[in-house]
Amino acid sequence: MRMSADGALWRLVALLVLAVCSRGAAVAEWGHHGMVAADHKLASQAGAAILEEGGNAVDAAVATAFAVCVVNPASCGIGGGGFMLIYLAQEHRTVALDYREVAPAAASRDMFVRSGQAVPELSRRGGLAIAVPGEVAGLAVAQKVYGTLPLAVVMEPAIRYARDGFAIAPHLAKEIADNAEMMRGDPLLARVFLRRDGSPRGKGEIVVQAELARTLQRIAKEGPDAFYKGDIATAIVERVRAAGGILTEQDLANYKPEWRQPISARYLDYDVVSMPPPSSGGGALLEALGILGDDNLRSLGRATPTASHLLAETMKHVFADRAKYYGDPGFVDVPLQRLLSPANTAALRKRISSTRTFEASAYGSSPSAAANPDDHGTSHLSVMDSRGNAVACTTTINTAFGSMVAVADSGIMLNNEMDDFAAQPGAPNVYGLVGADANAIAPGKRPLSSMTPTIVTRDGRPVLAVGGSGGPLIISNTLQVLLNVLAYHMDATKAVAAPRLHHQWTPSVLFVEPAFPKATQKALARNGHIVREMPSMAAIQAVRRDGDLFEGAADPRKGGEAVGW
Ligand code: GLY
């Protein structure tokens, strides 16, 4: 059954309440030697401490990523996966690491279809929703290839947070409260996040994850094989299969991260480098920059009716292309060269009217009435060090607490990343995103992602590392923060805090944050946009380099804090 409009609306209302509850003030953080911006202060502190101990940006990013898996367990975890973009100062190049989850070998194209219809519950909760996790393999290989400190050293803060506990932050408290009912169905989730009487633990209460601490300690000592082979792998498989899933020990043993060629485009005086497929984020971001062009955005003004309409129309085009063309490059040929070519972006720009918007069918071939974008899972962290290295890393278990299936003895919460596939052409996933054959399920295939870790360089030196969490909102919101810095010359803190808009082609709705200028909202409605307020959008973490200074901005929308050194 597809999600009804009512269901979508209620989920949106829940999102709005969450956003309002967790929003704090935008605080600038400056450092002389390096910077870590994560969506939890303890995670940023973990990375900054590693920089201070002499580690490089990769050491710090791996430390931060493991730590955020512990302190933001609704968003990410070692049962999930992610993408990491690394600018290597010594080699003057950027590398991209894909440790996205993959579909189990027994997965099949119609595994979520019953009586001819995709059943969303099957791909979102329970054993079938779980793809083979990539997080541990990915972080371990990044550390091994480009880190300088032992894995055990960079994992120490995460182990400590899991073993000794940490105070629940407002964002996590809201996620626990919203999901308490579901958590009662899983022994580990119930024990960790609910009180003895079954009520949700709240802000400030200490969460201890003793089983997870032991698992992290094993990985720190034995390496990633401790997760993918042996007793921990057996326990994962037993738990997934008991929950109705199809994961096997062979799936875990076979998991491999992939080094990929990043994609890039020139924008103004900058080189913008981003994540290739199976991310759709990098391609969409660069296609959008091509459509916007680099000559006139600043002169149109920021958040003005003209600039905002252009941005919205641009997003409609790139999201229509996302739905049609993007998938795992191991299985489909994503026509990136054509999509990002000046000929294509100029042609799309010509199709944009300055005074009106069009029906969804004018942008793409398979629009559908779909759910609203949602923002619960995923976490982004940005890091720079004084040696000139930079990391942009986005990690996820998909929606809040993933599949709601956890492995009791090892403290691992498992993803529901199978929902990022198109269960059926045109059937919306939890974010309201539709897809085509390119993103159909196949054994060993990676589901399409919106995660958009991005690094911007100028004259061969990184000046911005940026990315975010929030499903499809990641793409439009990362783009706007990037434009705020590059085209509108804002510092990172103001660029991140500024109100944003979001359009993802389908549904045919232009979402705006309430602080977005009201006159612009009215002008956009006059152009034919269905304008709806969404109190808060993606959580963007950015690090900007200004000469020898580093500025860190963690999005106040999720309550994160950057920590500099
Ligand atoms: N799981 C959300 C994404 O990868 O886009």
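Start at 1 and go down the list; that is how both ligands and their atoms are numbered. Not measured: the values here are computed from a predicted model.
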Is Asp420 touching ligand 1 with its side chain, its backbone, both, or neither, if touching means heavy atoms under 4.0 Å apart?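 The part of Asp420 near ligand 1 is the side chain, not the backbone.
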For ligand 1, is any non-hydrogen atom under 4.0 Å from Arg100's backbone (N, CA, C, O), its side chain (CB onward), both, or neither?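 Side chain only.
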Is the centre of the Phe193 ring less than 6.0 Å from the centre of the Phe401 ring?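 Between Phe193 and Phe401, the centre distance is under 6.0 Å.
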Taking the ring centre of each residue, are Tyr146 and Trp259 less than 6.0 Å apart?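 Yes.
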Can you tell which of Pro447, Gly281, Ser449, Pro278 gets a heavy atom nearest to atom 4 (O) of ligand 1?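 Nearest option to atom 4 (O) of ligand 1, by heavy atoms: Ser449.
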Identity and distance of the protein heavy atom lying nearest atom 5 (O) of ligand 1: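 Atom 5 (O) of ligand 1 sits closest to the protein heavy atom Ser450 N, 2.7 Å.
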Ion pair check, Asp186 and Arg239, cut-off under 4.0 Å: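 Looking at Asp186 and Arg239, the cut-off is met.
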Could you check whether Lys445 pairs with Asp328 (Lys NZ or Arg NE/NH1/NH2 to Asp/Glu carboxylate O, under 4.0 Å)?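 The answer is no: the pair does not qualify as a salt bridge.
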